[in-house]
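Everything on this sheet refers to the single structure shown next.
Below, chain A is the first sequence line, B the second, and so on; all start at residue 1.
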Amino acid sequence: MTKEVFVYNSLSRKKELFTPLHAPFVGMYVCGPTVSGESHLGHARPFITFDIVYRYLLHLGYKVRYVRNITDAGHFEEEGRAAEDKISSKAQLERLEPMELVQKYTNLFHWAMLQFNNLEPSIEPTATGHIVEQITMIQRIIADGFAYEVNGSVYFDVHKYHQVFSEKNMPYGILSGRNLEDQLDTTRELDNQDEKRNKNDFALWKNAPPEHIMRWPSPWGEGFPGWHIECSAMSNKYLGKQFDIHGGGMDLQFPHHECEIAQSTVCNHVTPAKYWLHNNMITINGKKMGKSYNNVIKLSELFAGTHPILQQPYSPMTIRFFILQSHYRSTLDFSNEALQASEKAYKRLMEAYQVLRSTTPAFTATTATETDKKVAALLQDAEHSMADDFNTAKVLANFFELVPIINGIKHQQIALSELSGSSWQQMQQAFDTYLIQIFGLQFEANAHNGKLNDVLELLIDIRKEAKQKKDFVTSDKIRNSLSAIGVQLKDEKDGNISYTFL
RNA sequence: GGUCCUGUGGCCGAGUGGCUAGGCAGAGCUCUGCAAAAGCUUCUACAGCGGUUCGAAUCCGCUCGGGACCUCCA
């Protein structure tokens, strides 16, 4: 943990040295999915981004508690059919239970996370499992005079909060850089807007209309929690009044995270998180991918290649790699072409890694060569880049510069006298540490079982014999037929033949 | 309208004021029975106009373009 890591803190709008509140422990809260629909590519980004952050902190030796919630309470509808408002006429088994819907999409979400090889969070609390905590928190906010009840709903008094906490240098808008006065003229009609004293006020608890199925008893009548309170209640419960990192997508910065700060600050008299990290959006043709833009590509469509703009399926690792190739705070423009490039690049990198870990050439360099120096410089720079706000793109670029060295050694285009064994070992270690452990990349499961390998080895043997006899008709038939099936044979300098799955 | 981000070569994307990032695609060469793979070489860049500076993709200003948030949103 001697390594200095710098992170961009949205709260201060600059890079800061990461110093945990209680090292070696680190508390990290990331806003999880709303399980009212199937996850799309846009959702993949924060969960992959913060998986890298989690893995990196673990790698540095921190003891991290990673909390990522499941938002399963609220006003839900399933695509195609309304989850609600059927209560009066239909029998219970006929109508869709909210928990049924939530269960379905939670399972799908977990499936996708597994595909991406994301580590499981330490705690994955659900909003519905923490109604009591949320009610308790709301009561405290009311008791302190920062919330008021109207018709069974409770609203947070943003203006009063702003007045009182501006004096403590914690105005409302501190995170998003918004000026409350500028917000006043937003004219937007929302449900029960007239109940609020001010338009900026937000709901802590909503009274449930009769047709609303998701409802819980509360001191204010039957209802359901507001949109922001769950994260405050659950982060407080599992990470304490103040914790280290709060993460999520940039689109949550306002109002969601701004409201979280206000709620938590009222309750705990301290700003909830020290570092706020926000990942940028995935765009498609320059536009944010999002439900309201009608341009989402579901993860299942991506993996299966069934979306119209896709020419082929893309594996979870290709998508993970694609995301890692850009910096998490930049927008990332998605296209079939861009994914194709990533797929090829990923394959090239992983094949080099395979060479690295499966061979130990007999190097003859005795003193540090130019190549040794280059390797050392690239590896060191990669380390710095990772510590500089998680610049995974730069780390990968450096690794790609090592690829020609690795392949050159393998194909005898670089002499064994040009590199020392220790450089090879350092590369082995760096590839393993970064690609596998920190970036969470893994070799694709190519469905090769032992028998298939044996069969391929047999074909390779036959081809070798044919080549020796200059029977090129046979050797080409084997190579071309396998290629058509999707197995690529590669003749190597030493006469061996290796293969990869396309 | 308010707040903020952004504009890099055919495409995607890093870039701490001085050292052609990287990937994919294209071209040439080496290797090869021929290919593929691999290696080497190579062509297209920093939206525009000013300013600061010995020096700017990088800092400042203006203009134009794109985007996000202000409403559920990763």
Side-chain angles (χ1 to χ4, degrees), chain A residues 13 30-34 36-37 39-50 71 74-75 173 176-179 181-190 200 227 247-256 258 278-283 286-293 296 321-322 325-327 329-346 348-349 351-352 355 381 384-385 388 391-401 403-414 467 470-472 475-476 479-480 483 488-493 497-500:
Chain A
R13 288 179 198 82
V30 174
C31 288
T34 300
S36 61
S39 298
H40 59 76
L41 177 60
H43 295 117
R45 194 169 194 194
F47 305 130
I48 289 174
T49 297
F50 289 103
T71 298
H75 183 92
S176 55
R178 260 156 239 271
N179 186 337
E181 286 72 35
D182 293 340
Q183 300 297 309
L184 288 177
D185 49 359
T186 37
T187 51
R188 180 82 187 182
E189 285 310 313
L190 292 168
N200 306 92
W227 293 306
M250 262 181 196
D251 49 357
L252 295 181
Q253 203 168 341
F254 190 90
H256 184 56
E258 198 71 63
H278 291 101
N279 64 275
N280 215 319
M281 303 293 106
I282 286 184
T283 58
K287 284 247 189 319
K288 173 185 167 186
M289 184 181 286
K291 226 170 166 177
S292 35
Y293 296 94
V296 302
F321 181 81
F322 170 67
Q325 268 187 305
S326 75
H327 189 262
R329 282 190 291 110
S330 303
T331 53
L332 173 57
D333 203 47
F334 169 89
S335 67
N336 184 68
E337 204 182 355
L339 267 195
Q340 250 169 5
S342 285
E343 186 183 70
K344 285 188 182 170
Y346 174 65
R348 178 170 148 86
L349 188 65
E351 278 178 13
V355 170
D381 185 64
H384 283 142
S385 299
D388 182 14
N391 196 338
T392 56
K394 189 68 170 63
V395 173
L396 287 175
N398 282 14
F399 278 26
F400 269 108
E401 290 201 63
V403 168
I405 296 173
I406 296 164
N407 285 333
I409 292 285
K410 181 188 178 181
H411 295 104
Q412 293 150 42
Q413 287 138 331
I414 295 177
K467 279 181 71 176
K470 301 219 185 297
D471 175 8
F472 297 121
S475 70
D476 285 355
R479 183 179 69 197
N480 297 339
S483 168
Q488 181 184 53
L489 295 187
K490 294 186 236 178
D491 293 351
E492 284 165 18
K493 260 221 170 97
I497 300 173
S498 64
Y499 60 88
T500 49

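Residues A:Val403 and A:Ala352 come closest through the heavy atom pair CG2-CB, 3.9 Å. Counting all heavy atoms, side chain and backbone alike, A:Gly173 lies closest to A:Glu258 at N-OE2, 2.8 Å.
With a cut-off of 3.5 Å on both Watson-Crick or G-U wobble distances, the partner of B:rA57 is given as none. Base pairing of B:rC19: no nucleotide in any strand meets the Watson-Crick or G-U wobble criterion (both distances under 3.5 Å). Using N1 to N3 plus N6-O4 or O6-N4 for Watson-Crick, or N1-O2 and O6-N3 for G-U wobble, each under 3.5 Å, B:rC29 pairs with B:rG39. Judged by Watson-Crick or G-U wobble contacts below 3.5 Å, the nucleotide B:rA45 has no partner. Both distances falling under 3.5 Å, in either a Watson-Crick or a G-U wobble arrangement, occur for no nucleotide opposite B:rA14. The partner of B:rG65 is B:rU6, by the rule that a Watson-Crick or G-U pair needs both atom distances under 3.5 Å.
The interatomic distance linking A:Arg13 (CZ) with B:rC4 (P) rounds to 8 Å, in whole Å. Rounded to a whole Å, the CG atom of A:Asn280 is 11 Å from the P atom of B:rA68. If you take CG of A:Asn480 and C1' of B:rG33, they are 13 Å apart, rounded to a whole angstrom. Nucleotide B:rA35 holds its C1' atom 15 Å from the CD atom of A:Glu492, rounded to whole Å. When rounded to the nearest whole Å, the span between CG of A:Leu349 and P of B:rA37 equals 17 Å. Look at CG on A:Asn398: it is 12 Å from P on B:rG15, rounded to the nearest Å. Whole-Å rounding puts the A:Leu396 CG to B:rG15 C1' distance at 15 Å. Summarising the geometry, the separation between NZ on A:Lys490 and P on B:rA35 is reported as 18 Å, rounded to the nearest angstrom.
Considering only the side chain of A:Phe254, B:rC70 comes nearest among B:rA74, B:rG13, B:rC70. Checked against B:rG39, B:rC24, B:rA14, the side chain of A:Val403 finds its nearest nucleotide in B:rG39. Here B:rG22 is the nucleotide among B:rC69, B:rG22, B:rA74 with the atom lying nearest to any side-chain atom of A:Glu401. When each of B:rC12, B:rA14, B:rC73 is scored by its nearest atom to the side-chain atoms of A:Asp251, the top-ranked nucleotide is B:rC73. Residue A:Met289 has its side chain nearest to B:rA74 when only B:rC70, B:rA74, B:rG23 are considered. Proximity note for A:Lys467 (side chain, C-beta onward) versus B:rG33, B:rA38, B:rC73: the nearest is B:rG33.
One N or O donor and one acceptor, one from the side chain of A:Arg178 and one from the base of B:rC69, sit under 3.5 Å apart. Below the 3.5 angstrom threshold, one finds a donor paired with an acceptor across the side chain of A:Asp476 and the base of B:rG33. At a cut-off of 3.5 angstrom, the base of B:rA36 holds no donor-acceptor pair with the side chain of A:Gln488. In terms of polar N and O atoms assigned as donor or acceptor, the side chain of A:Arg479 comes within less than 3.5 Å of the base of B:rA35 in a complementary pairing. Evaluation of atom-type donor-acceptor distances gives a pair under 3.5 Å for the side chain of A:Lys288 against the base of B:rC73. With hydrogens and angles ignored, a donor-acceptor pair under 3.5 angstrom links the side chain of A:Asp491 to the base of B:rA35.
At the heavy-atom level, A:Tyr293 lies under 4.0 Å from the strands shown only through sugar-phosphate atoms. Counting any heavy atom pair closer than 4.0 Å across all strands shown, A:Met250 reaches no nucleic acid atom. A:Gly177 comes within 4.0 angstrom of the backbone, heavy atoms only, and of no base. Among the atoms of the strands shown, none is found under 4.0 Å from any heavy atom of A:His256. Counting non-hydrogen atoms under 4.0 angstrom, A:Ser292 reaches a base of the nucleic acid. If you check every strand for non-hydrogen atoms under 4.0 Å, A:Val296 touches nothing. A:Ala397 comes within contact range of at least one nucleobase, with a heavy-atom separation under 4.0 Å. Looking at heavy-atom distances under 4.0 Å, A:Lys410 makes no contact with the nucleic acid at all. Contacts of A:Leu339 with the nucleic acid, taken as non-hydrogen atoms under 4.0 Å apart, are absent.
Checking side-chain atoms of A:Asp388 against main-chain N and O of A:His384 turns up no donor-acceptor pair under 3.5 Å. Side-chain N or O atoms of A:Ser385 include one that pairs as donor or acceptor with a backbone N or O of A:Asp381 at under 3.5 Å. The main-chain N or O of A:Gln413 is never found under 3.5 Å from a side-chain atom of A:His411 such that the two would form a donor-acceptor pair.
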**OP:** Begin with the C-alpha distance, continue with both residues' side-chain angles, and end with the deciding distance and a verdict on salt bridge (Lys or Arg N to Asp or Glu O under 4.0 Å) for A:Glu351 and A:Lys410.
**Re:** CA-CA 11 Å; A:Glu351 278 178 13; A:Lys410 181 188 178 181; over 6 Å; no
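Interatomic distance, CG of A:Asn279 versus CZ of A:Arg329, reported as 11.0 Å (0.5 Å rounding). Taking NE2 of A:His43 as the reference point, atom CE of A:Met289 lies at 10.5 Å (rounded to 0.5 Å). Note that CE of A:Met281 and NZ of A:Lys288 are 5.5 Å apart. Values are rounded to the nearest 0.5 Å.
A distance of about 16 Å separates the P atoms of B:rG15 and B:rA47, rounded to the whole Å. As rounded to the nearest Å, B:rC43 and B:rG28 have C1' atoms that lie 11 Å from one another. Look at the P atom in both B:rA57 and B:rC49: the space between them is 13 Å, to the nearest Å. Comparing the same atom, P, in B:rG39 and in B:rG22 gives a spacing of 13 Å after rounding to whole Å. If you take atom C1' in B:rC73 and the same atom in B:rU16, they sit 35 Å apart, rounded to whole Å. Rounded to the nearest Å, the gap between the C1' atom of B:rG67 and that of B:rA38 is 41 Å. Annotation: B:rG65 and B:rU30 have their C1' atoms spaced 46 Å apart (nearest Å). Separating the P atom of B:rC4 from that of B:rC12 is a span of 28 Å, rounded to the nearest Å.
In this structure, A:Phe334 and A:Phe322 have perpendicular ring planes: the angle between them is above 60°, well past the 30° mark.
A:Ser330 has a side-chain polar atom (N or O) that falls below the 4.0 Å cut-off from OP1 or OP2 of B:rA14. Regarding contacts with the backbone of B:rA74, a side-chain N or O of A:His43 is found under 4.0 angstrom from either OP1 or OP2. Between A:Asn391 and the phosphate of B:rG15, there is a side-chain N or O to OP1/OP2 separation shorter than 4.0 Å. OP1 or OP2 of B:rA74 lies within a sub-4.0 Å distance of a side-chain N or O belonging to A:Thr34. For A:Asn279 and B:rA74, the shortest distance from a side-chain N or O to OP1 or OP2 is not below 4.0 Å.
A:Phe47 does not qualify as a stacking partner of the B:rA74 base, lacking a centre-to-centre distance under 5.5 Å together with planes within 30°.
Comparing A:Lys344 and A:Phe400 by the nucleotide of RNA chain B whose heavy atom lies nearest to each, the residue mapping closer to the 5' end is A:Phe400. Nucleotides of RNA chain B nearest to A:Gly408 and A:Ser335 differ in position, and the one nearer the 5' end is that of A:Ser335.
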